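Order of the sequence lines fixes the chain letters, A, B, ..., with proteins taken first and strands second; residue numbering starts at 1 for each chain. Predicted model only: the values in this text are computed from it and were never measured.
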Amino acid sequence: MTIPFIPSQGVPVTVPSLASSLSESVTAVVDRLGMADLAPQIRRSEHADFQADGALAAARRLRRNPREVAAELVAGLPDDGLVARAGVAGPGFVNIDLTDRALLAQLAGRMGDDRLGVGTPEAGVTTVIDYSQPNIAKEMHVGHLRSTIIGDALVRILEHLGGTVVRRNHIGDWGTQFGMLIQYQVEHPDPSLSGDGGTMGRLATLYRRARAEFDADPAFAERARRRVVALQAGDPGTVAAWRDIVAESTRYFTDVYERLGVRLTDADVVGESAYNAALPEVADELERRAVAVTSDGALCVFFDDLRGPDGEPTPLIVRKRDGGFGYAATDLAALRQRVVELHADRLLYVVDARQALHFRMVFDTARRAGWLPSAVSAVHVAFGTVLGPDGRPFKTRAGDTVRLVDLLTEAVDHAREVVAARNPGLTGAALDERARQVGIGAVKYADLATNRARDYTYEPRRMLALAGNTGVYLQYAHARVRSILARADGADVTVDPTAALEPAERALILDLDAFADTLAEVVAASEPHRLCGYLYRLAQTFTAFYEHCPVLRATGSSRGNRLALCRLTGDTLRTGLHLLGISAPNHL
RNA sequence: GCGCCCGUAGCUCAGCGGAUAGAGCAGGGGACUUCUAAUCCCAAGGCCGCAGGUUCGAAUCCUGCCGGGCGCGCCA
């Protein structure tokens with residue numbers, strides 16, 4: 001397992017979080033008291049604003065009473081206006097409450113920064129991220145959704161943190177299936193097959209029919225194989241046919257990406273075929289460096305600890321016995337190019353978990369070949385398989401696969417009904433746009449909100465849901481905030497740091513303040529679901545504030561402070577949703 | 001056989017070394033002359049798969065089982 005890349009330390013965050021400021025204070029106390037290995041963890045607490053854990057662990061090492069150690073820590077905290085009160089609880093927990101003034105100052109600081117206090121820890125770091133990866137002449141299905149959406153969210157977050165991101169859509173645009181497709185097309189120039197060029201229908205039909213004939217007729221299969229050879233040899237007519245098929249498919253993918261609101265474009269498509277020229281060199285180099293050896297006529301890389309069911313070593317096959325190259329060679333060529341030419345500091349592969357062994361072998365091989373220096377991390381961002389209603393994995397070729405476009409259409413249609421029912425005045429293009437924002441947002445949120453490693457069953461009902469912990473809940477919370485701000489009509493949102501805070505206000509400020517730290521966690525683990533969890537919590541905390549603290553009817557300094565809270569909440573929700581690739585309309 | 005992933009409320013899932021394990025959905029009861037009720041509140045629902053171990057402290061870390069999914073030589 002490769003250790004995720006940790007961005008360079010010491011880059012200042014625009015506005016440090018209260019948690020990190022407090023952590024610094026506590027660490028300073030610990031150092032001064034000569035208890036350096038105490039390393040207290042600062043975390044939110046239900047008993048106070050924060051708790052500092054670690055006194056208990058340190059006491060044992062110091063052979064001291066944990067409550068005494070904790071008390072010393074409390075006594076040593078500086079009186080700098082940050083800490084209001086601190087105390088020892090239970091066997092040695094340290095509970096810390098911050099001052100209202102510090103919280104309000106933090107609110108003002110974050111609000112005054114157009115980045116909401118989020119720093120750029122990714123500045124100077126180049127990430128090459130590989131995601132989506134649909135196959136030419138095949139429908140995109142729900143399995144592609146996860147890769148596409150998780151990848152898109154990671155791209156947005158990395159870029160927001162100042163990183164350089166190179167997107168790579170490693171489409172399946174090469175291989176033996178093209179011989180079959182082209183040969184079938186040549187033999188059956190069926191006019192009914194010629195579509196309008198913009199949809200997948202024609203190619204999907206072509207693929208199905210070609211496949212059927214390939215399986216049924218050995219003579220056709222042989223002609224298809226010869227067609228593959230012609231393609232590889234660069235036969236002009238065959239290459240032209242191949243190009244047409246790829247172009248038609250790519251137009252379809254781009255159409256789906258636009259509907260999804262994903263940032264992938266034609267420029268990001270660098271398919272398997274792009275590495276054809278580099279494959280012999282990759283193989284030669286592996287052989288020359290004795291990383292790969294010939295076994296049964298195939299060029300293989302072996303690994304000490306990998307054996308198959310028969311007890312024989314399991315190889316990564318770089319070059320097949322017939323001289324052809326498999327996808328391992330393609331992946332190695334791509335990896336090498338990404339490190340050497342694109343100067344990647346981090347490689348991410350958002351690919352189905354079933355490819356885990358493959359990536360382990362590829363990364364290991366690249367390390368041994370010297371293409372992957374230790375300073376460059378390579379991570380397989382694995383996600384679980386989408387299962388059918390029967391609990392079995394979806395089979396791509398078995399038919400009955402749910403087309404991604406159908407799911408999206410259903411989501412938007414369902415959203416349109418709900419939106420229309422709530423907003424009778426909304427019609428036409430405006431209704432369509434709102435339905436799209438809500439429907440696509442729901443599908444994305446449903447897919448992004450859970451731990452990516454887990455398999456999940458394809459359930460339209462769950463993905464289309466518009467109540468509870470869904471994308472709409474966040475959009476709704478955001479719309480409520482905007483509504484208040486619109487009614488305030490540009491009123492004074494100046495923060496008065498001398499005001500006293502309600503519990504719901506304190507909770508909201510503390511939640512808002514965890515935004516930057518959450519984004520850092522998401523990047524460290526490549527887990528966008530943590531951002532979903534954060535935003536949902538924030539929306540819940542805002543809703544509690546909304547119920548308990550009137551904004552527009554508030555008087556004195558609390559009105560300005562609450563408007564400020566609304567603005568920072570709205571901006572945080574909007575930014576967070578956008579980082580997930582979800583729209584945040586001002587009205588729902 | 002070996003390896004990877006997953007077992008938490010009826011269902012879908014958070015939490016991954018800290019205090020009494022949390023949400024949503026479904027089902028029960030309530031709240032709209034009040035900044036958007038796509039919301040909120042109340043009640044109910046749990047040997048955190050099992051058993052050991054480490055620790056002041058384990059859903060969380062380690063080991064071993066059990067159950068499920070996936071993978072392991074010329075497909076991608």
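Under 4.0 Å is where a charged nitrogen must lie from a carboxylate oxygen, and between A/D571 and A/R482 at least one such pair does. With respect to the salt-bridge test (charged N to carboxylate O, under 4.0 angstrom), the residues A/R211 and A/D215 qualify. Ion pairing between A/R537 and A/D511 fails under the 4.0 Å rule for side-chain N and carboxylate O. Salt-bridge annotation for A/D97 and A/R85: present, with a side-chain N of the basic residue lying under 4.0 Å from a carboxylate O of the acidic one.
Backbone-only engagement by A/T450 is indicated by non-hydrogen atom pairs under 4.0 Å involving sugar-phosphate atoms exclusively. Across all strands, A/Y536 comes closer than 4.0 Å only to sugar-phosphate atoms, never to a base (heavy-atom distances). Within the 4.0 angstrom heavy-atom criterion, no nucleotide atom of any strand lies near A/P91. Within the 4.0 angstrom heavy-atom criterion, base atoms lie near A/Q355. Residue A/A453 is in sugar-phosphate contact alone, with no base atom involved, counting any heavy-atom pair closer than 4.0 Å across all strands shown. Nucleic acid contact class of A/N586 (heavy atoms, under 4.0 Å, all strands): base. If you check every strand for non-hydrogen atoms under 4.0 Å, A/D322 touches nothing. As judged by a 4.0 angstrom heavy-atom cut-off over every strand, A/G175 is placed among residues making no nucleic acid contact. Within 4.0 Å (heavy atoms only), A/P313 reaches at least one base atom of the nucleic acid.
On the P atoms, B/rA21 is 16 Å away from B/rA43, given to the nearest whole Å. Spacing of P atoms, B/rC11 relative to B/rC50, comes out at 15 Å, to the nearest Å. The C1' atoms of B/rC70 and B/rC56 are separated by 41 Å, rounded to the nearest whole Å. Nucleotides B/rA58 and B/rG49 place their C1' atoms 16 Å apart, quoted to the nearest Å. B/rU54 and B/rC61 are spaced 8 Å apart, taking the C1' atom of each and rounding to whole Å. Spacing between B/rG24 and B/rA44 at atom C1', rounded to whole Å, works out to 16 Å. For the P atom pair drawn from B/rU8 and B/rG15, the interatomic distance equals 14 Å after rounding to whole Å. B/rC48 and B/rC32 have their C1' atoms separated by 39 Å, given to the nearest Å.
Contact check, A/T385 against B/rC70: no side-chain N or O comes under 4.0 Å of OP1 or OP2. When the side-chain nitrogen and oxygen atoms of A/Y327 are compared with OP1 and OP2 of B/rC74, none of them lie within a distance under 4.0 Å. Contact annotation: A/H529 side-chain N/O to B/rG15 OP1/OP2 distance is under 4.0 Å. The side chain of A/K320 contributes an N or O atom lying less than 4.0 Å from OP1 or OP2 of B/rC75. Of the side-chain N and O atoms in A/R553, none sit less than 4.0 angstrom from OP1 or OP2 of B/rU34. Between A/R480 and B/rA37 there is a side-chain polar atom (N or O) within less than 4.0 angstrom of OP1 or OP2. Contact between the side-chain N/O atoms of A/R487 and the OP1/OP2 oxygens of B/rU36 is found at a separation under 4.0 Å. For A/R454 and B/rA14, the shortest distance from a side-chain N or O to OP1 or OP2 is below 4.0 Å. Side-chain N/O atoms of A/Y473 include none lying less than 4.0 angstrom from OP1 or OP2 on B/rC25.
Remark: RNA chain B forms stems of 3 or more consecutive Watson-Crick or G-U wobble pairs, all pair distances under 3.5 Å, at B:1-7 with B:66-72, B:10-13 with B:22-25, B:28-31 with B:39-42, B:49-53 with B:61-65.
Under a 3.5 Å cut-off, the side chain of A/N95 and the backbone N or O of A/Q51 do not form any donor-acceptor pair. With A/N423 contributing its side chain and A/V419 its backbone, the two residues share a donor-acceptor pair below 3.5 Å. The main-chain N or O of A/G323 is never found under 3.5 Å from a side-chain atom of A/R319 such that the two would form a donor-acceptor pair.
When each of B/rC16, B/rG1, B/rA38 is scored by its nearest atom to the side-chain atoms of A/P309, the top-ranked nucleotide is B/rG1. Considering only side-chain atoms of A/R43, the nucleotide from B/rA19, B/rG73, B/rG18 that sits closest is B/rG18. Considering only the side chain of A/D310, B/rG73 comes nearest among B/rG73, B/rC35, B/rC40. Here B/rG73 is the nucleotide among B/rG73, B/rC74, B/rU36 with the atom lying nearest to any side-chain atom of A/S295. Checked against B/rC13, B/rG71, B/rA38, the side chain of A/R354 finds its nearest nucleotide in B/rG71. Between B/rC74, B/rG24, B/rA38, one nucleotide has an atom nearer to the side chain of A/N423 than all others, and that is B/rA38. When distances run from any side-chain atom of A/Q51 to the nucleotides B/rG73, B/rA38, B/rG18, the shortest one goes to B/rG18. Side-chain atoms of A/E312 lie closest to B/rG73 of the nucleotides B/rC35, B/rC74, B/rG73.
Within a 6.0 Å radius of CG in A/D305, other residues, nucleotides and ligands contribute more than 12 heavy atoms.
A side-chain contact (heavy atoms from CB on, under 4.5 Å) with A/L485 is found for exactly one of A/T569, A/L563, A/N586, namely A/L563.
Distance OH (A/Y476) to C1' (B/rA38): 6 Å, rounded to an integer number of Å. Computed from coordinates, the A/L357 CG to B/rC2 P distance equals 16 Å when rounded to whole Å. Rounded to a whole Å, the CG atom of A/L474 is 16 Å from the P atom of B/rA14. A/F359 places its CZ atom 15 Å from the P atom of B/rG71, with the value rounded to the nearest Å. Counting to the nearest Å, the P atom of B/rC2 and the CZ atom of A/R307 are 13 Å from each other. Between A/N451 atom CG and B/rA14 atom P there is a gap of 5 Å when expressed in whole angstrom units. Nucleotide B/rG18 holds its P atom 14 Å from the CD1 atom of A/I42, rounded to whole Å. The distance between atom CZ of A/F303 and atom P of B/rG3, rounded to the nearest whole Å, is 17 Å.
Taking 90° from 0 as the syn/anti boundary, the base of B/rG73 is oriented syn.
In this model, no side-chain donor or acceptor of A/E272 finds a partner on the base of B/rA76 within 3.5 Å. Taking 3.5 Å as the limit, the base of B/rA19 and the side chain of A/N95 contain a donor-acceptor pair of atoms between them.
Taking the six-membered ring where the residue is Trp, the centroids of A/Y327 and A/H170 are separated by 6.0 Å or more.
A cation-pi arrangement is found for A/R480 relative to A/Y546, the charged atom lying closer than 6.0 Å to the ring centre and inside a 45° cone about the ring normal.
When side chains are defined from C-beta on, A/V381 counts as touching A/R452, because their heavy atoms get closer than 4.5 Å.
In this structure, A/F93 counts as stacked on the base of B/rA19 under the 5.5 Å centre distance and 30° plane angle limits.
In this structure, A/A89 and A/H548 both approach RNA chain B, and ranking their closest nucleotides by distance from the 5' end singles out A/A89. Nucleotides of RNA chain B nearest to A/D455 and A/V438 differ in position, and the one nearer the 5' end is that of A/V438.
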